[in-house]
Trainee: 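Got a structure for you, written out below as structure tokens; questions coming shortly.
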Amino acid sequence: MDKIAVERKWNELWQKSQVYKFDKKNVDNKYYVLEMFSYPSGSKLHVGHWYNYGLTDSFARYQIMKGKNVFQPMGFDAFGLPAENYAIKTGVHPQDSTLHNIEVMETQLKNIGAMFDWDHEIKTCLPEYYRWTQWIFAELYKHGLAYRKKAPVNWCPSCNTVLANEQVVDGHCERCDSQVVKKDLTQWFFKITDYAEELLDGLDGLDWPEKTKAMQRNWIGKSQGGEIVFDLADGSGSFKVFTTRADTLFGCTYVVLAPEHELVEKITLPEHRAEVNAYIEEVAKTNEIERLSTAKEKTGVFTGAYAVNPINGDKVQVWIGDYVLNSYGTGAVMGVPSHDARDYLFAKKHGLTIKRVIKGATADVDDSLPFCDYGVMCNSGEFDGLISEQGKLAVVQKLAEKGKGELKTNYRLRDWLVSRQRYWGAPIPIIYCPHCGEVLDENLPVTLPYDVEFRPDGTSPLAKHRKFIHDVVCPKCGAPATRDPDTLDTFVCSSWYYLRYPDAHNSDKPFDTEWIDKMLPVDKYVGGAEHACMHLLYARFITKALRDMGYLHFDEPFKSLVHQGVILGPDGNRMSKTHGNVVSPDDYVNVYGADVFRCYLAFGFRYIEGGPWSDDGIKAINKWLDRVERYVTAAYGDYAVTDKTGRDEKELNRVRNATIKAVDADYPSFSFNTAVARMMELVNALSKYDALPVKNANLYRATADDLLKLLCPLAPHFCEELWQQTGHSGSIVVSAFPVCDERALQAEETEILVQINSRPKVRLTVDATLPKQELQEFVLADESVKQAIGGSPVKNVIVIPGRLVNIIV
RNA sequence: GCUGGUGUGGUGGAAUGGCAGACGCGUCGGACUCAAAAUCCGAUGUUGGUGACAACAUGUGGGUUCAAGUCCCACCACCAGCACCA
């Protein structure tokens, strides 16, 4: 068979007959399969795309054959930084390059032979989509979930531009190598932290990999402790620290503020100012990863100020240190050198007091300092003798009575910063009016202008687009106003696209609430594990926020999640241009066809593991499909079948049904490699039968039919062609998946293993229906078993019916 | 550093606590052929033995069990994620 010609033929016929069109009337039986949509990159589809889309399509095709009404859409996450960088480099407008890339990728995606419903294609960079991204911003704003505050950005003083983390290499600008500094800008945030608790709780009910759930739990990072108020010693103000170890408060001998803490400027004494300012400037140059690195020495400087430990009135020094982050907790920590390893090092280095307040619970505990485990309080006045677990509550309670503390749950999760000082994104629908302040622009879409200047010169392309910024009046009072010059993080675009798909071109609404409640949640979501914390968390947040606004009536967007593994380059590295190890599927698809390539990807890897690329064995898959063709064709010659091995047809029927059973379990669990292996076994079984010119070949033909159906999800064109060639009517791709006949699996006789003292000794063929007791008697009566035992007394016999008998002598 | 994962022949990988290595690749041998390709058949964990067979084998060392790749403990290596989380 000329596989490539056949693929072209069926691809066209399927498009024409709209065999994959989602049946809107049959929603009760819907099955929503979604692969994370593509970024329209300038390089073509790589092997990883095929691995994700091709094999998930096989899963979707399996669901169709199991009678589901499958909805499987495709689209493009089309905004983003690379297109803008490309524009700066080449002058090609992001819109032009992006739309062109999409066109190329659409053609390539169609070659996979996936049953995407292109009628509902999404391109996030089109106004028909991003107007609703802006609508989401507007709704969050109206419900108090979008707000502005100052936040630092990476700033390259030489390029005069904001850099993404990705563009900062070792603290330097990737373009000009200048030292990158932090700069505060007022930016928009989404209040994802309002949902921290629910995002955490909701994980329990999800059919997601445990690994991913664990990562989200860590990311949300719930911790329970106390918030404690420290007054400044001169009475000029106060600040709070968060701690999970309030039981160690008596050992607090200093406090450390983040260098960015708002109080630093105010409290620093004149004689310390120079040192403090120099330190702050130095910290602005480092990124968070450097600041928090364990390998780095803990640095800090004294501000000259003192605060009062609220539990015992001690005067403690106020320091600043880069290991304290302004974005976590209260931006201030108490220093307890005796019971915290980090504080211990810090205190040793700077000569600060170390005071034990916890001792080991029992004498055998090594409680030499720093002693960081729970223990018993000491040197803590009225609290002496309390164990840490009780002590940390008691201390906070005592402080609460004086208004100096409260129990507090803290989350590591931060609010979602969505402002980007970029052009190629959805404009933020906010207008600034000199009279009314910030005003939501509900006249959507706020269209992204095409004619902009990309050359970086200190302002983003939108900010210097006079017409876009200034050609606007306040919606409230009509006064001349200005637009927000920033665009939305592309994660905002991708946080709701699964809601848009089922009705992608609706121009009245982002989605129809009644319809969406029937279509969602997504039944199977497939994509890379690298999105575990960002995209997957944002999507859950948006779903919950829209639910609380009354637009949705479900809690979670993705009921079931699968991560495909990563196909590495042949050298074992991640495929990338820099490694020069990118493998193009086209080189193989042009030679062997899409079906062979899909089957190879299915067979050669554990789907969720992935691994280094190697094309060893792709020829073998090609040959195997040729074998399938030969046996299927033979079955439909005017032939019947005799058995070369001397077994009767029962054996063929048994293998046939065993294969059905196994493959029927493998597809839904994404175990494609074993599914192929089982089908190979079936073909091997078929090969044991010779075709001879007699009639009556029903079983052989039925087996061939089943084989085609089992294989169809992986090699749809190939199977459709053979289905037609063997005279069947209708399309195999929507035919019913074979059902296993359990009766065929029940053998009358079975071989069991007899072990003596757990060592395999004798094999016996026995009646498969023998109950335990009789099986034991049968085995013990057997001559060869008696011989193997050799007269030693039998102490114990373990019988596993159908498998083995273990005789302990 | 913390957390999670992985570790099985020359190789990709199979194994609800029950005969480790299914199914492939590769290699070796054979059939067909003038020859090659294609196809088909057979062998293939290691060691010892002509042999039937025996011993040893799932990163290392212990443990539980009649029975461990699988469960428990410790360690080693590699990979991924997170970065002092107060």
Side-chain angles (χ1 to χ4, degrees), chain A residues 209-215 217-219 221-223 225-228 241-246 248 252 255-256 258 287-298 321-325 327-336 340-343 345-346 410-414 529-530 532-533 565-566 568 572 574 600 603-606 608-621 623-624 626-627 630 662 671 673-684 687 751-761 763 795-800 802-809:
Chain A
E210 282 307 319
K211 187 174 125 182
T212 309
K213 291 203 251 183
M215 278 165 78
R217 281 191 195 103
N218 284 338
W219 190 266
K222 179 177 179 173
S223 66
E227 212 165 69
I228 297 171
V241 305
F242 175 74
T243 179
T244 53
R245 292 296 304 272
T248 65
C252 169
V255 292
V256 185
N287 64 30
E288 205 168 283
I289 291 172
E290 286 165 8
R291 272 174 75 164
L292 303 179
S293 164
T294 35
K296 195 174 145 285
E297 203 179 15
K298 317 298 171 223
D322 65 353
Y323 66 95
V324 180
L325 299 180
S327 55
Y328 180 76
T330 59
V333 302
M334 62 185 206
V336 184
D340 181 286
R342 185 191 57 201
D343 295 348
L345 290 174
F346 192 86
N410 219 350
Y411 298 92
R412 205 181 112 175
L413 183 68
R414 304 172 194 169
E530 67 273 20
C533 293
V566 180
L568 304 169
R574 214 167 243 275
Y600 180 64
F603 185 57
F605 304 86
R606 289 190 256 205
I608 57 167
E609 298 289 333
W613 173 257
S614 150
D615 57 12
D616 288 352
I618 190 164
K619 272 189 193 160
I621 292 290
K623 282 201 295 200
W624 179 65
D626 290 343
R627 274 185 92 193
R630 273 204 307 283
S671 301
N673 56 344
T674 49
V676 174
R678 296 292 90 80
M679 288 186 265
M680 285 174 168
E681 282 169 344
L682 181 57
V683 173
N684 289 344
S687 76
E751 190 187 65
I752 61 157
L753 175 75
V754 181
Q755 296 178 324
I756 312 291
N757 288 340
S758 306
R759 311 287 282 176
K761 288 291 175 192
R763 275 158 230 284
K795 276 202 247 163
N796 190 14
V797 183
I798 290 113
V799 183
I800 311 292
R803 286 190 180 268
L804 62 73
V805 174
N806 190 4
I807 303 164
I808 312 304
V809 299

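Because the structure is predicted, anything quoted here is derived from the model rather than measured. Here is the naming used below: chain letters follow the sequence lines, and residue numbers restart at 1 for every chain.
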Trainee: Between A:Ser687 and A:Arg627, does a side chain to side chain contact (heavy atoms under 4.5 Å, CB included) hold up when you go through it step by step?
Mentor: CA-CA 9 Å; A:Ser687 76; A:Arg627 274 185 92 193; 3.6 Å; yes
Trainee: Students often get this wrong, so: under 4.0 angstrom with heavy atoms, is A:Lys619 touching a base, only sugar-phosphate, or nothing?
Mentor: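 Touches nothing.
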Trainee: Return the pairing partner of B:C71 with a 3.5 Å limit on both distances, Watson-Crick or G-U wobble; otherwise return none.
Mentor: B:G63
Trainee: Separation of A:Arg678 atom CZ from B:A14 atom P, in whole Å?
Mentor: 10 Å
Trainee: Indicate whether OP1 or OP2 belonging to B:C2 is found under 4.0 Å from a side-chain N or O atom of A:Asn218.
Mentor: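 Result: no.
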Trainee: May I have the distance from A:Tyr600 (atom OH) to B:G12 (atom C1'), rounded to whole angstrom?
Mentor: 7 Å
Trainee: Using the C1' atom as the reference point in each nucleotide, state the distance between B:G9 and B:G63 in Å, no decimals.
Mentor: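 Their C1' atoms lie roughly 28 Å apart.
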Trainee: Classify the angle between the aromatic ring planes of A:Phe605 and A:Trp613 as parallel (below 30°), tilted (30 to 60°) or perpendicular (above 60°).
Mentor: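 Judged by the thresholds at 30° and 60°, the geometry between A:Phe605 and A:Trp613 is parallel.
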Trainee: Taking any strand in view, what nucleotide pairs with B:G1 in a Watson-Crick or G-U wobble way, both distances under 3.5 Å?
Mentor: B:C82
Trainee: Need the glycosidic conformation of B:G7: syn if within 90° of 0, anti if not. Which one?
Mentor: anti
Trainee: Taking the side chain of A:Ala677 as heavy atoms from C-beta outward, which of B:C23, B:G13, B:C40 is closest to it?
Mentor: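 The answer is B:C23, which lies nearest to the side chain.
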Trainee: Does the base of B:C19 carry an N or O that pairs as donor and acceptor with the side chain of A:Arg803 under 3.5 Å?
Mentor: no
Trainee: Starting at the 5' end of RNA chain B, which residue's closest nucleotide do you reach first, A:Asn757 or A:Ala214?
Mentor: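 It is A:Ala214, whose closest nucleotide lies nearer the 5' terminus.
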Trainee: Checking all strands, does A:Gly604 fall into the base, sugar-phosphate, or nothing category for heavy-atom contacts under 4.0 angstrom?
Mentor: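 A:Gly604: backbone/sugar contact only, no base atoms under 4.0 Å.
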Trainee: When you measure from the side-chain N and O atoms of A:Arg759 to the phosphate of B:A54, is any distance below 4.0 Å, counting only OP1 and OP2?
Mentor: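 A:Arg759 to B:A54 OP1/OP2: no side-chain N or O under 4.0 Å.
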Trainee: Please measure how far the C1' atom in B:G12 lies from the corresponding atom in B:G49, and state the result in whole Å.
Mentor: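 Nearest-Å result for B:G12 against B:G49 at atom C1': 33 Å.
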Trainee: If I pick the P atom on B:U70 and the same atom on B:U64, what distance separates them, to the nearest angstrom?
Mentor: 15 Å
Trainee: Rounded to whole angstroms, how far apart are CG on A:Leu682 and P on B:C23?
Mentor: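 In whole Å, B:C23 P lies 13 Å from A:Leu682 CG.
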Trainee: Has the side chain of A:Asn806 got a donor or acceptor that lies under 3.5 Å from a partner of the other kind on the base of B:C66?
Mentor: yes
Trainee: Which whole-number value in Å describes the distance from A:Lys761 NZ to B:A52 P?
Mentor: 16 Å
Trainee: Rounded off to whole Å, could you give me the CG-to-P distance for the A:Asp616 and B:G12 pair?
Mentor: 10 Å
Trainee: So what does A:Asn410 touch, heavy atoms closer than 4.0 Å: a base, only the sugar-phosphate, or nothing?
Mentor: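 Since no nucleic acid heavy atom lies under 4.0 Å of A:Asn410, the category is nothing.
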Trainee: Hey, is the side chain of A:Arg627 poking within less than 4.0 Å of OP1 or OP2 on B:C40, counting only N and O atoms?
Mentor: yes
Trainee: A:Gln755 near the nucleic acid: base, sugar-phosphate alone, or nothing, with a heavy-atom cut-off under 4.0 Å?
Mentor: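 Base contact - A:Gln755 has a heavy atom under 4.0 Å of at least one base atom.
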Trainee: Out of B:G18, B:G13, B:C23, which nucleotide sits closest to the side chain of A:Ile798?
Mentor: B:G18
Trainee: So, does A:Asp343 use its side chain to make a donor-acceptor pair with the main chain of A:Val336 at under 3.5 Å?
Mentor: yes
Trainee: Could you tell me which nucleotide pairs with B:A55 by Watson-Crick or G-U wobble geometry, both distances under 3.5 Å, or answer none if nothing does?
Mentor: B:U46
Trainee: Which nucleotide in the set B:U3, B:C66, B:C19 lies at the smallest distance from any side-chain heavy atom of A:Ser758?
Mentor: B:C66
Trainee: How would you label the contact of A:Arg412 with the nucleic acid (heavy atoms, under 4.0 Å): base, sugar-phosphate, or nothing?
Mentor: base
Trainee: Is it the case that the side chains of A:Arg759 and A:Asn806 hold a donor-acceptor pair, with the cut-off being a distance below 3.5 Å and no angle test?
Mentor: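 The criterion, which ignores hydrogens and geometry beyond distance, is not satisfied for A:Arg759 and A:Asn806.
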Trainee: Grab the CZ-C1' distance between A:Phe242 and B:C85 for me, whole Å please.
Mentor: 9 Å
Trainee: Assess the residue pair A:Leu804 and A:Gln755 against the criterion (side chain to side chain contact (heavy atoms under 4.5 Å, CB included)); give the C-alpha distance rounded to whole Å, side-chain angles, the decisive distance to 0.1 Å, and a yes or no.
Mentor: CA-CA 7 Å; A:Leu804 62 73; A:Gln755 296 178 324; 4.1 Å; yes
Trainee: Quantified in whole Å, what is the C1' atom distance between nucleotide B:U6 and nucleotide B:A54?
Mentor: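 Approximately 34 Å lies between the C1' atom of B:U6 and that of B:A54.
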Trainee: On a whole-Å scale, what distance lies between the P atoms belonging to B:G13 and B:G7?
Mentor: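 My reading of the P atoms in B:G13 and B:G7 gives 10 Å.
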Trainee: Determine whether a donor-acceptor pair (one donor, one acceptor, N or O, separation below 3.5 Å) exists between the side chain of A:Arg245 and the base of B:A86.
Mentor: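 For A:Arg245, whose side chain was compared with the base of B:A86, there is no donor-acceptor pair (under 3.5 Å).
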Trainee: The side chain of A:Lys211 is closest to which nucleotide in this list: B:C23, B:G4, B:A86?
Mentor: B:G4
Trainee: Is B:G29 paired to anything, Watson-Crick or G-U wobble with both distances less than 3.5 Å, and if yes, which nucleotide?
Mentor: B:C41
Trainee: Any base atoms under 4.0 Å from A:Arg217, or only sugar-phosphate, or nothing? Heavy atoms, all strands.
Mentor: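 If one applies the 4.0 Å heavy-atom cut-off, A:Arg217 turns out to touch nothing in the nucleic acid.
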Trainee: If the cut-off is 4.0 Å, is A:Asn673 near the phosphate of B:A22, judged by side-chain N/O to OP1 or OP2?
Mentor: no
Trainee: What's A:Gly226 touching, base or sugar-phosphate or nothing? Going by heavy atoms closer than 4.0 Å.
Mentor: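 Nothing, no heavy atom under 4.0 Å.
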Trainee: Here's a test of your reading of the structure: between A:Val333 and A:Ile800, which maps to the more 5' nucleotide of RNA chain B?
Mentor: A:Ile800
Trainee: What is the separation between atom OH on A:Tyr411 and atom C1' on B:A86, rounded to the nearest whole Å?
Mentor: 17 Å
Trainee: OP1 or OP2 of B:U39 versus the side-chain N and O atoms of A:Lys623: is any pair under 4.0 Å?
Mentor: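 Yes.
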Trainee: Nearest to the A:Met680 side chain among B:C66, B:G24, B:G13, which nucleotide is it?
Mentor: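 Nearest listed nucleotide: B:G24.
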Trainee: Please tell me if A:Thr674 has a side-chain N or O lying less than 4.0 Å from either OP1 or OP2 of B:A22.
Mentor: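 A:Thr674 to B:A22 OP1/OP2: no side-chain N or O under 4.0 Å.
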Trainee: Taking atom C1' of B:G18 as reference, at what distance in whole Å does atom CZ of A:Arg763 sit?
Mentor: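 Result: 13 Å.
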Trainee: For B:G48 and B:C34, measure between their C1' atoms and round to the nearest Å.
Mentor: 45 Å
Trainee: Checking contacts here: which listed nucleotide (B:C25, B:A86, B:C82) is nearest the side-chain heavy atoms of A:Ala620?
Mentor: B:C25
Trainee: Under a 3.5 Å cut-off for both distances, is B:U6 Watson-Crick or wobble paired, and to whom?
Mentor: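 Pairing partner, where one exists within any strand: B:A77.
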